[in-house]
> 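One structure follows; several queries about it will come next.
Values below: every heavy atom of this structure, side chains too, minus hydrogens, waters and symmetry copies.
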Amino acid sequence: MSKENRDFFWPSYVDLMTVLFIVMLVLFVLSFKMFQSKDHENRNTLARLEVQLEEKKKLDEIKAALSRLDAKYFQYNEKFKRHELLVNVLFEPSRAEIPQQALAPLRRAGEELSQVLNSIEDDDVKYLIVIDGRAASYPKGDPRNITERDYARELSYRRALALLKFWRSAGIKLPEDKIELIASGSGFEGAGRTGDERDRRFVIQILPKVGTLDVRKVK
């Protein structure tokens, strides 16, 4: 190799190695940043999963507690995910006053519900409790099922409200600091209607709401 070629080769070789070094350095920095970002993402994902697991445990505990409701008064409808009050209340047509013969079993049912809800001592757990009244529909195809729909909703709401007022007057103490209690009326409608005497039951939705746990984002 001539002297001129050697003089040209070595500067070019040094420039090439410098460029390769810079490329490798840039790739290393990018890889390190990507690794850090992925590591933070994995840590945050793990933290969220731990929270979800903790909430799942609490919901399982609540479900187990609610399963202790006396089967004489409450039945859990697995298909529609709701509790049904088994006390058949034979309201007079177009009336919302609870019949006298239904008061004693309704009181015992309220005491049972109060006892179970008050037995759950976790302060992070709140409940939305919906008492849904109903009205007996007319035979299928009867036009009154449509023309009297709004009236039936109002009537069934007044029936649900009558139950709530009765429980209060009977001294049934639900944990007021943990629940939102709502009276509603589905009238002739509502999922799970059977067309027989079971439609006279109140439907009780007990929806636990687990408070968000304190989770700090990983930095």
> Should F166 and F74 be counted in the same cluster of Ile, Leu, Val, Met, Phe, Trp and Tyr side chains packed under 4.5 Å apart?
yes
> Checking side-chain contact (heavy atoms from CB on, under 4.5 Å) for the pair L181/L164: CA distance, chi angles, key distance, verdict?
CA-CA 9 Å; L181 195 56; L164 293 184; 3.8 Å; yes
> Only pairs at least two apart or in different chains count here, so list each side chain to side chain donor-acceptor pair (under 3.5 Å) that has a residue in residues 160-170.
none
> Are side-chain heavy atoms of E111 and I172 found at a separation under 4.5 Å?
yes
> Would you say that I204 contacts V130 through its side chain, given a criterion of any heavy-atom pair below 4.5 Å between the two side chains?
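Sidechains of V130 and I204: no contact.
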> Applying a strict under-4.5 Å side-chain criterion to I, L, V, M, F, W and Y, I'd like to know whether L161 and I98 cluster together.
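No, L161 does not connect to I98 through the hydrophobic network.
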> Which value, rounded to the nearest 0.5 Å, describes the distance between S94 atom OG and R158 atom CZ?
8.5 Å
> Taking L85 as the fixed residue, which of V203, L163, L69 is the one that meets the side chain to side chain contact (heavy atoms under 4.5 Å, CB included) rule?
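With L85 as partner, side chain to side chain contact (heavy atoms under 4.5 Å, CB included) holds for just one option, L163.
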> With side chains defined as the heavy atoms from C-beta onward, is the minimum distance between S186 and Y157 less than 4.5 Å?
no
> Going from CG on D132 to CD on E84, what distance comes out if it is rounded to the nearest 0.5 angstrom?
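So the gap between those two atoms works out to 10.5 Å.
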> Hey, does the Lys NZ or Arg CZ of R159 hover above the aromatic six-ring of F91, less than 6.0 Å from the centre and inside 45° of the axis?
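Yes; both conditions hold, so R159 lies above the ring face of F91.
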> Are the side chains of I131 and S184 in contact, using a 4.5 Å heavy-atom criterion?
no
> Looking at R149, I'd like to know if its CZ atom is crowded, meaning that more than 12 non-hydrogen atoms belonging to other residues, nucleotides or ligands lie closer than 6.0 Å.
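Yes, CZ of R149 has more than 12 neighbouring heavy atoms, counting only those of other groups under 6.0 Å.
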> Got a donor-acceptor contact below 3.5 angstrom from the S156 side chain to the G187 backbone?
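Here the side-chain-to-backbone pair exists.
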> Nearest heavy-atom pair of A71 and L86: which atoms, and what distance?
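Answer, listing the atom of A71 first, then L86: O-CD1, 3.2 Å.
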> Does N118 reach the main-chain N or O of K173 with its side chain, forming a donor-acceptor pair under 3.5 Å?
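Yes, because the side chain of N118 sits within donor-acceptor range (under 3.5 Å) of the backbone of K173.
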> Quick one: closest heavy-atom pair of A162 and A96, and the distance?
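Taking A162 first and A96 second, the nearest heavy atoms are CB-O, 3.5 Å.
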> Are side-chain heavy atoms of P105 and K72 found at a separation under 4.5 Å?
no
> Please tell me if the side chains of L106 and Y73 come closer than 4.5 Å, counting only heavy atoms from C-beta onward.
no
> State plainly whether the residues R108 and E112 are in salt-bridge range, i.e. N to O under 4.0 Å.
no
> V116 and I179: same hydrophobic cluster, using ILVMFWY side-chain contacts below 4.5 Å?
yes
> My understanding is that only residues two or more places apart in sequence, or in another chain, count here; which of them pass side chain to side chain donor-acceptor pair (under 3.5 Å) with D70?
none
